[in-house]
Asker: 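The structure under discussion is supplied below as structure tokens; questions concerning it will follow.
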Amino acid sequence: MFRPIVSSVLRSSASKNVIKSSSKISLIVNGTSSMMINNNNILSIQKRGIKTLDFGGVKEEVIERSDYPKDKYQAIFAKDTLAMLGYGTQGRGQALNLRDNGLNVIIGLRKDNKPNSSWEKAKSDGWVEGKNLFPIDEALKRGTVIMNLLSDAGQSMTWDQVKPHLTKGKTLYLAHGFAIAFADQTKVSPPKDIDVILCAPKGSGTTVRSLFLSGRGINGSVAVYQDFSGKARERAFALGIAVGCGYLYETTLKKEAVSDLTGERGVLMGMIEGAFRAQYKVLRDHGHSPSEAFNETVEEATQSLYPLIGANGMDWMFANCSTTAQRGALDWAPRFEKALAPVFEKLYSEVENGNEARRTLDLNSRSDYKEMLRKELDEIKNSEMWRAGQVVRQLRPENNKW
Ligand code: NDP
Ligand code: MG
């Protein structure tokens, strides 16, 4: 209970360096006492440092929002123009957060006046052509920190256009290690006289934005690939917080890329859709209604159990369900683990050996990619399970318009 209290105290007034509090606290940061509350209930931050915490027995350093208050990152980037290339969900979320955090941000996009294009989306969010919205080349010219958040395939396709603008002393910022981890395929090879840094928020760009707007922050990883300035690490941490992260852990570009591709193909999306489908089908094959199959497979998971697991952990979940559910789930978990472990091993090796990157680049670079994708997504949307889901969602009292 101790840490959250300290964190929230810090978050609320970190920029003031002086914090009022009603309890007596001292916190050890990397072996040195960095904050103390005196008898007047004033907490003074004597010297902030990166905190080392115990993650289930393994010590790791973390960077928190309180380490980089607004005035600190504004000072670090006071002379910079942050050029955000791309306005997908992640580009949009990060760019808007940076703008709201008072940094000098411009957007670089291919100009396309189709209603759904990134260019039009940016305009509707208030970016103004010629002021802070430019064609990619112009943004590259003006930017000192090039935030390349084009799609991963797009980063490879446009590399010859981007590279000449990465002149000495500039910074290349990425949100995914993909381009560099699989450089043999993407051909992305930054010049040696720039900084190359990464911050990869661990969630959708939509969440990057919504958490920021509600005063919260997404977790993210941060990495330095090249430190030409000698300040790359500091700048990576500061930018990670400025784009909206709540806490950051350090990694490498390769590790970020491999874990990210594994996660999204695995438990985060690929495996979960596979597991939903498999269980739904078994229930339907045995005569259960769509309502019953969907509620027992998806709705109860997303509406009740997953949020509880998120809030309290799996041990709590096992402890706070019926004894019948508890016994069965504890017994079946190892069976699923055994069945799934070889699939995850295979997945990891396909990611690590670059096959997944190759497939992504090949398919996502095709001119008919969006058309192919639409067909695949329509198939999912039109499946009985997800059509049943549409009805179930409409029946949630807050959505019920009937
Ligand atoms: P997308 O992957 O959806 O990419 C979309 C953007 O790239 C659009 O602005 C699109 O412009 C542009 N683009 C694609 N190809 C080209 C090209 N050849 N020339 C010019 N522009 C191009 O964007 P995201 O925001 O989802 O991802 C951006 C980066 O962030 C990626 O590295 C991704 O891995 C990373 N990331 C994404 C997360 C997420 O939540 N989505 C999470 C964490 C990291 P147009 O509209 O004109 O086609
Ligand atoms: Mg990803």
Side-chain angles (χ1 to χ4, degrees), residues 73 76-88 90-99 103-112 117-119 121-123 127-200 222-236 238-240 242-243 253 256-257 361 364-365:
Y73 58 68
I76 290 174
F77 295 105
K79 293 189 181 138
D80 283 294
T81 299
L82 311 179
M84 174 67 75
L85 308 185
Y87 209 69
Q90 192 63 224
R92 177 178 183 273
Q94 294 197 19
L96 291 175
N97 290 357
L98 289 168
R99 185 172 76 178
L103 297 183
N104 177 24
V105 192
I106 61 172
I107 308 289
L109 296 172
R110 53 181 166 195
K111 196 169 174 180
D112 177 349
S117 67
S118 295
W119 184 271
K121 277 188 200 149
K123 274 181 22 188
W127 303 96
V128 178
E129 185 175 355
K131 183 178 166 217
N132 49 25
L133 171 63
F134 300 97
I136 289 178
D137 273 327
E138 185 58 30
L140 280 163
K141 240 181 258 165
R142 291 174 182 241
T144 54
V145 179
I146 307 301
M147 305 184 73
N148 197 339
L149 270 72
L150 299 180
S151 70
D152 297 305
Q155 289 177 36
S156 175
M157 289 159 79
T158 57
W159 180 241
D160 291 340
Q161 183 187 358
V162 172
K163 190 172 182 178
H165 293 282
L166 297 174
T167 49
K168 188 173 176 181
K170 284 197 181 184
T171 299
L172 173 64
Y173 166 99
L174 302 167
H176 194 353
F178 190 103
I180 285 176
F182 302 109
D184 55 329
Q185 299 179 48
T186 62
K187 307 296 175 213
V188 171
S189 61
K192 295 283 171 233
D193 53 1
I194 64 164
D195 287 352
V196 181
I197 60 177
L198 162 134
C199 170
V222 70
V224 173
Y225 180 70
Q226 258 177 214
D227 184 5
F228 177 73
S229 66
K231 296 178 185 153
R233 200 160 169 255
E234 173 87 346
R235 283 166 67 82
L239 202 46
V243 299
L253 270 70
E256 192 284 330
L361 289 169
N364 292 12
S365 309

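All residue numbers refer to positions in the sequence shown, counting from 1.
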Asker: What are the two closest non-hydrogen atoms of A83 and G143, and how far apart are they?
Answerer: CB-CA, 3.8 Å

Asker: With a 4.5 Å limit on heavy-atom distance, are the side chains of V105 and W127 in contact?
Answerer: yes

Asker: Once rounded to the nearest 0.5 Å, what's the spacing between atom SG of C199 and atom CD of E256?
Answerer: 9.0 Å

Asker: For A223 and L253, work out which heavy atoms get closest and say how close.
Answerer: CB-CD1, 3.6 Å

Asker: Between W119 and D112, what is the shortest heavy-atom contact and its length?
Answerer: CB-O, 3.4 Å

Asker: Hey, is the main chain of T144 close enough, under 3.5 Å, to the side chain of T81 for a donor-acceptor pair?
Answerer: no

Asker: What residue pairs, at least two apart or across chains, pass ring-ring contact (aromatic ring centres under 6.0 Å, His included) with a residue in residues 156-176?
Answerer: H176-F178

Asker: Which distance, rounded to the nearest 0.5 Å, do you find between the CG of L172 and the CG of L198?
Answerer: 10.0 Å

Asker: Show every salt bridge (Lys or Arg N to Asp or Glu O under 4.0 Å) that has at least one partner inside residues 161-181, sequence neighbours left out.
Answerer: none

Asker: Does V243 offer a backbone N or O that forms a donor-acceptor pair with the side chain of Q94 under 3.5 Å?
Answerer: no

Asker: Rounded at 0.5 Å granularity, tell me how far CG in D152 sits from CG in N364.
Answerer: 8.5 Å

Asker: Could you check whether any side-chain heavy atom of P190 comes within less than 4.5 Å of a side-chain heavy atom of I180, counting everything from C-beta outward?
Answerer: yes

Asker: With rounding to the nearest 0.5 angstrom, report the OG1 to CG distance, T167 to D193.
Answerer: 8.0 Å

Asker: Among all residues two or more places apart in sequence or in another chain, which pass the side-chain hydrogen bond (donor to acceptor under 3.5 Å, both in side chains) test with K111?
Answerer: E129

Asker: Per the salt bridge (Lys or Arg N to Asp or Glu O under 4.0 Å) rule, what does the pair list look like for residues 130-144, sequence neighbours excluded?
Answerer: E138-K141, E138-R142

Asker: Is there a side-chain contact between S156 and Q185 (heavy atoms, below 4.5 Å)?
Answerer: no

Asker: Do any N or O atoms from the side chain of T158 and from the backbone of Q161 form a donor-acceptor pair under 3.5 angstrom?
Answerer: no

Asker: Check whether any side-chain heavy atom of F77 sits under 4.5 Å from a side-chain heavy atom of L239, and report yes or no.
Answerer: yes

Asker: Quick one: does V128's side chain get under 4.5 Å of L133's, heavy atoms only?
Answerer: no

Asker: State, to 0.1 Å, how close I197 and A232 come at their nearest heavy-atom pair, and which atoms those are.
Answerer: CG2-O, 3.6 Å

Asker: Report the residues that fulfil side-chain hydrogen bond (donor to acceptor under 3.5 Å, both in side chains) with E234, sequence neighbours left out, ordered by chain and then residue number.
Answerer: Y68

Asker: What's the shortest heavy-atom distance between G177 and A257, and which atoms?
Answerer: C-CB, 3.7 Å

Asker: Looking at residues at least two apart in the chain, or sitting in another chain, which of them share a salt bridge (charged side-chain N to carboxylate O under 4.0 Å, His left out) with K123?
Answerer: E120

Asker: Using side-chain heavy atoms (C-beta onward) and a distance below 4.5 Å, is D195 in contact with F228?
Answerer: yes

Asker: For the backbone of V145 and the side chain of T171, can you confirm whether one donor and one acceptor N or O come within less than 3.5 Å of each other?
Answerer: no

Asker: Under a 3.5 Å distance rule, please check whether N104 uses its side chain to pair with a backbone N or O of I106 as donor and acceptor.
Answerer: no

Asker: What's the spacing between R92 CZ and N97 CG if we round to 0.5 Å?
Answerer: 9.5 Å

Asker: For the atom pair CG (L140) and CG (L85), what is the distance rounded to the nearest 0.5 Å?
Answerer: 5.0 Å

